[in-house]
Amino acid sequence: MTGKTHIAIGVASALAVAPLAGAPLGVPTDVVPQAIALVLGGMVGGMLPDTDTPSSMGTRGTRRVWAALAVMAAALLVVDHVRGSDLALSLASGFSYEQLAGLAIVVATCAVGRASGHRGFSHSLVALVLVGYGTWMLCRPVAVAVAVGYASHLVLDLTNKRGVRLLWPWGRPLCLGLFESGRLADWTLFVLGVAAAALMVATRLQLIGPMSTLPSVGMPAAVTALPWWGML
């Protein structure tokens, strides 16, 4: 699937599933912080597996983030040198060893994924667990959303005609062969993902009424009975 589809489905999946984890796993309980955390986490998780290829949206986004961080760090060092302050040191000291270890796990997972080739290690359950745990150490409010978004990426790529090494390092690539990237199904999933995400965000922010009060439009009873439905 294309990068924009992975982002849309990642965000929609995070909004639908992550709140079920609750506060014990760090998911914010306040409406606005929760919506922001789930959207950002779903976006990141939806893109991360494709950092194993140089031309992907995830890789381009990661490069921009690192470039921005490098510019910010250089600017702080210049300011410290000119003013004789220690802004850079103060900022760096604000990160705990646990957070730095979590960042190292995520970066190392992406690096191994790049070395193993497209749809190899980074598209495995091992990588999903490592990224989820590393993100939880680094920033708990978005960790569950990142893990859900990451998992949604793996599920979507399973439906493509090119397999993924889901059980890496064992077994052959798994493939359902249902859709092709960039075709009608891809665009349909993108539109559905955007629509679902927008509806859930609007409902959480009370821009529209609760979903339980909206017309069912033939929605199956099994869906409306899900635990998260009444929360939206």
Side-chain angles (χ1 to χ4, degrees), residues 3 6-52 56-76 87-114 121-155 193 197 200-201 204-205 228 231:
H6 282 302
I7 291 175
I9 298 298
V11 171
S13 300
L15 286 165
V17 177
L20 299 178
L25 288 182
V27 178
T29 55
D30 293 338
V31 175
V32 174
Q34 183 186 85
I36 294 174
L38 297 185
V39 170
L40 291 178
M43 288 177 60
V44 172
M47 289 190 297
L48 270 182
D50 277 349
T51 54
D52 60 2
S56 71
M57 185 178 294
T59 298
R60 295 196 302 270
T62 302
R63 287 173 180 165
R64 294 189 185 101
V65 170
W66 284 119
L69 291 176
V71 171
M72 291 173 60
L76 284 175
L87 291 174
L89 181 61
S90 299
L91 181 62
S93 63
F95 291 92
S96 66
Y97 288 114
E98 181 184 29
Q99 289 175 313
L100 294 176
L103 177 61
I105 290 173
V106 175
V107 171
T109 302
C110 293
V112 174
R114 174 70 72 87
F121 171 76
S122 69
H123 285 65
S124 69
L125 295 177
V126 175
L128 169 61
V129 172
L130 288 174
V131 167
Y133 183 63
T135 309
W136 186 74
M137 296 172 67
L138 175 62
C139 184
R140 294 186 183 182
V142 302
V144 177
V146 170
V148 172
Y150 202 105
S152 75
H153 186 117
L154 304 186
V155 172
M200 285 185 280
V201 168
R204 278 189 169 83
L205 298 182
W228 54 264
M231 299 168 55

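Just so it is clear, the model here is predicted, and its values are computed rather than measured.
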>> Applying side-chain contact (heavy atoms from CB on, under 4.5 Å) to Phe121 and Asp52, what does each step give before you reach the verdict?
In response: CA-CA 9 Å; Phe121 171 76; Asp52 60 2; over 6 Å; no
>> With side-chain contact (heavy atoms from CB on, under 4.5 Å) as the criterion, how do Trp136 and Val144 come out once you've worked through the C-alpha distance, each side chain's angles and the decisive distance to 0.1 Å?
In response: CA-CA 7 Å; Trp136 186 74; Val144 177; 5.8 Å; no
>> For a side-chain contact (heavy atoms from CB on, under 4.5 Å) check, start with the C-alpha distance between Met47 and Ile7, then their side-chain angles and the critical distance, and finish with the verdict.
In response: CA-CA 6 Å; Met47 289 190 297; Ile7 291 175; 3.5 Å; yes
>> Would Val32 and Leu205 count as a side-chain contact (heavy atoms from CB on, under 4.5 Å) here? Give the steps.
In response: CA-CA 7 Å; Val32 174; Leu205 298 182; 4.0 Å; yes
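In terms of heavy-atom proximity, Ala197 sits nearest to Val11 at CB-CG1, 3.8 Å. Of all non-hydrogen atoms in Pro28 and Ala37, the two that sit nearest each other are CG-CB, 4.0 Å. The two residues Leu38 and Pro19 have their closest heavy-atom pair at CD1-CG, 3.7 Å. Looking at every heavy atom in both residues, Gly134 comes nearest to Val106 through C-CG2, 3.9 Å. Across all their heavy atoms, Arg114 and Thr51 have their closest contact at NE-O, 3.1 Å. Contact detail for Ala14 and Gly42: the closest heavy-atom pair is CB-CA, 3.9 Å.
Residues in residues 131-151 take part in these salt bridge (Lys or Arg N to Asp or Glu O under 4.0 Å) pairs, two or more places apart or across chains: Glu98-Arg140.
At least one side-chain heavy atom of Val39 sits under 4.5 Å from a side-chain heavy atom of Val201. In this structure, Leu154 and Leu128 have side chains that are in contact, with non-hydrogen atoms separated by less than 4.5 Å. Val142 has its side chain within reach of Cys139: a pair of non-hydrogen atoms, C-beta onward, lies under 4.5 Å apart. Counting heavy atoms from C-beta on, the side chains of Leu48 and Cys110 come closer than 4.5 Å. Looking at Asp50 and His123, their side chains come closer than 4.5 Å, going by heavy atoms from C-beta outward. Here the side chains of Thr109 and Ser122 are not in contact, with every heavy-atom distance at 4.5 Å or above.
Between the side chain of His6 and the backbone N or O of Gly46, no donor-acceptor pair lies under 3.5 Å. Gln99 places a side-chain N or O within donor-acceptor distance of the main-chain N or O of Ser96, the cut-off being under 3.5 Å.
Interatomic distance, Met200 CE to Ser13 OG, rounded to the nearest 0.5 Å: 7.5 Å. Taking CE of Met137 as the start and CG of Leu103 as the end, the distance is 10.5 Å to the nearest 0.5 Å.
When each of Leu15, Val27, Thr29 is paired with Gln34, the side chain to side chain contact (heavy atoms under 4.5 Å, CB included) condition holds for Val27 and for no other.
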